[in-house]
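Have a look at the structure below, then the notes.
These numbers were taken from a predicted model, which means no experiment stands behind them. When a ligand or atom number is given, it counts from 1 through the structure's own listing order.
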Amino acid sequence: MKIKVGRISYYDDFRCLCGDCPDNCCHGWSIPLDDEALRRFRAEKGLFGLRLRLSIHGKENKVFAPLSLRCPHLGMDGLCRLQKKCGEDFLAEVCKEYPRSRMNYGPAAEFHLDLSCIHAASLFLHNRSTQEMIVKEAECSCELYGNNDDEEYFGRLQILRDGLISALREAGREGKEALDEALRRMDTGLRRIQDELLIHGSCSDWELKDEAGDLRLFPLPIRVLNDMMSSCFYEDWLKYSTPFLYKLCRLYYKRFDRLDYRKGAEELQRLFDKHVGEKGVSASVFADHAASLLYRRFLFSYEDYSPHLKLSDSVICINLVLLFTLLWAERYGTTGEPELAHIISVVERRIFHNEYARKDLLACLSEESRAERRKNS
Ligand code: SF4
């Protein structure tokens with residue numbers, strides 16, 4: 001059966017940089033192995049088969065690189081030894097697919113690039129102002145995501161997402177204050193919609209009102225950023241698993257660790273005024289990044305009925321990217337596109353491929369947001 005299949009406009013431009021990649025994805029996480037790949041690997045004979053089997057770890061969920069260091073099959077030339085010897089079809093599914101992500105929701109499917117890949121993040125930056133979904137009727141053989149069959153709700157989510165994305169992009173073009181205002185309005189509106197869905201089982205009004213919450217969302221207050229940087233988003237192990245992110249985190253500790261809240265807030269504002277806007281990185285970069293996150297993640301709420309949570313994910317992500325962009329620009333004079341792509345990729349990798357880190361970050365934001373609402377009630 002044909003369904004609507006959308007793909008992000010720069011999806012087909014992706015080609016893996018292989019040995020030329022500045023931050024190869026074959027280190028920094030454990031690599032999950034699917035059953036088919038395990039069968040292929042276990043069937044290999046001789047020394048090659050033995051070394052292959054010895055590199056498989058885990059009891060139920062089998063992985064390469066259990067400590068999230070370097071994949072044992074990554075050669076010194078930056079190329080995959082398994083692929084070189086046996087071809088791409090031999091690889092585990094995740095290695096063949098990454099960074100492509102294909103989601104089949106039932107009524108429609110969407111294909112995106114995961115920006116935790118540095119080259120996908122570069123493609124996003126080159127195409128950000130024209131990013132859109134190209135939709136065609138086509139067969140889709142991808143596995144279904146979840147089991148929801150409420151097509152009316154799915155349609156509502158798509159309309160809601162399109163509205164959020166155009167509002168974000170318009171706000172980004174207007175500037176940083178407009179972006180903060182738009183995010184706060186979306187935060188209030190989506191919280192109400194999510195509450196109605198989860199408490200009453202349906203939503204009577206899908207329109208976002210003009211009511212904006214009081215908690216600043218771009219940038220987040222320094223106390224929220226401090227909490228996030230004290231959560232398990234950071235760990236010393238990053239030095240080995242994701243050295244670039246480790247370096248960014250050290251820049252943060254060096255600048256902010258010894259400052260109290262008042263001085264920290266002043267320093268954050270100073271960096272924000274200096275490096276975001278006409279003379280620095282445009283606010284539209286962050287708005288387009290938030291839009292990209294909504295393109296990729298908002299429809300997950302088809303399954304969990306949590307559209308507000310998807311906005312919170314985006315707010316957290318663009319704020320960490322913002323923080324590291326400011327720190328990099330202050331330390332090295334400017335944050336150019338290659339560094340920005342690198343920052344986006346390591347932040348997305350840490351948040352969206354480490355569920356415990358993401359949950360910790362969400363808890364920091366929710367705590368502050370609850371405190372703000374209590375103060376005003
Ligand atoms: S990070 Fe992206 S470009 Fe680099 S090796 Fe991995 S898939 Fe290829």
State the atoms of ligand 1, each with its element, that fall below the 4.0 Å cut-off from a heavy-atom position in His119. 3 (S)
Is the ring pair Trp29/His353 parallel, tilted or perpendicular, if the boundaries are 30 and 60 degrees? perpendicular
Value for OG (Ser369) from CZ (Arg184), rounded to nearest 0.5 Å, stands at 12.0 Å
Evaluate the criterion salt bridge (Lys or Arg N to Asp or Glu O under 4.0 Å) for residue pair Glu44 and Arg40; output intermediate values, then yes/no. CA-CA 7 Å; Glu44 284 300 316; Arg40 280 195 298 279; over 6 Å; no
Report, as yes or no, whether the 6.0 Å neighbourhood of atom CZ on Phe48 holds more than 12 heavy atoms from other residues, nucleotides or ligands. yes
Metal proximity, Cys16 vs atom 8 (Fe) of ligand 1, N/O/S cut-off 2.8 Å: yes
For atom 3 (S) of ligand 1, what's the nearest protein heavy-atom neighbour? Residue, atom name and distance, please. Leu17 N, 3.4 Å
Nearest to atom 7 (S) of ligand 1, what protein heavy atom do you find, and at what distance? Cys25 SG, 3.7 Å
Which residue supplies the protein heavy atom nearest to atom 2 (Fe) of ligand 1, what is that atom called, and how far is it? Cys117 SG, 2.4 Å
Side chains of Asp162 and Gln158 only: does a donor on one sit below 3.5 Å from an acceptor on the other? no
among protein heavy atoms, the one nearest atom 4 (Fe) of ligand 1 is Cys21 SG, 2.4 Å
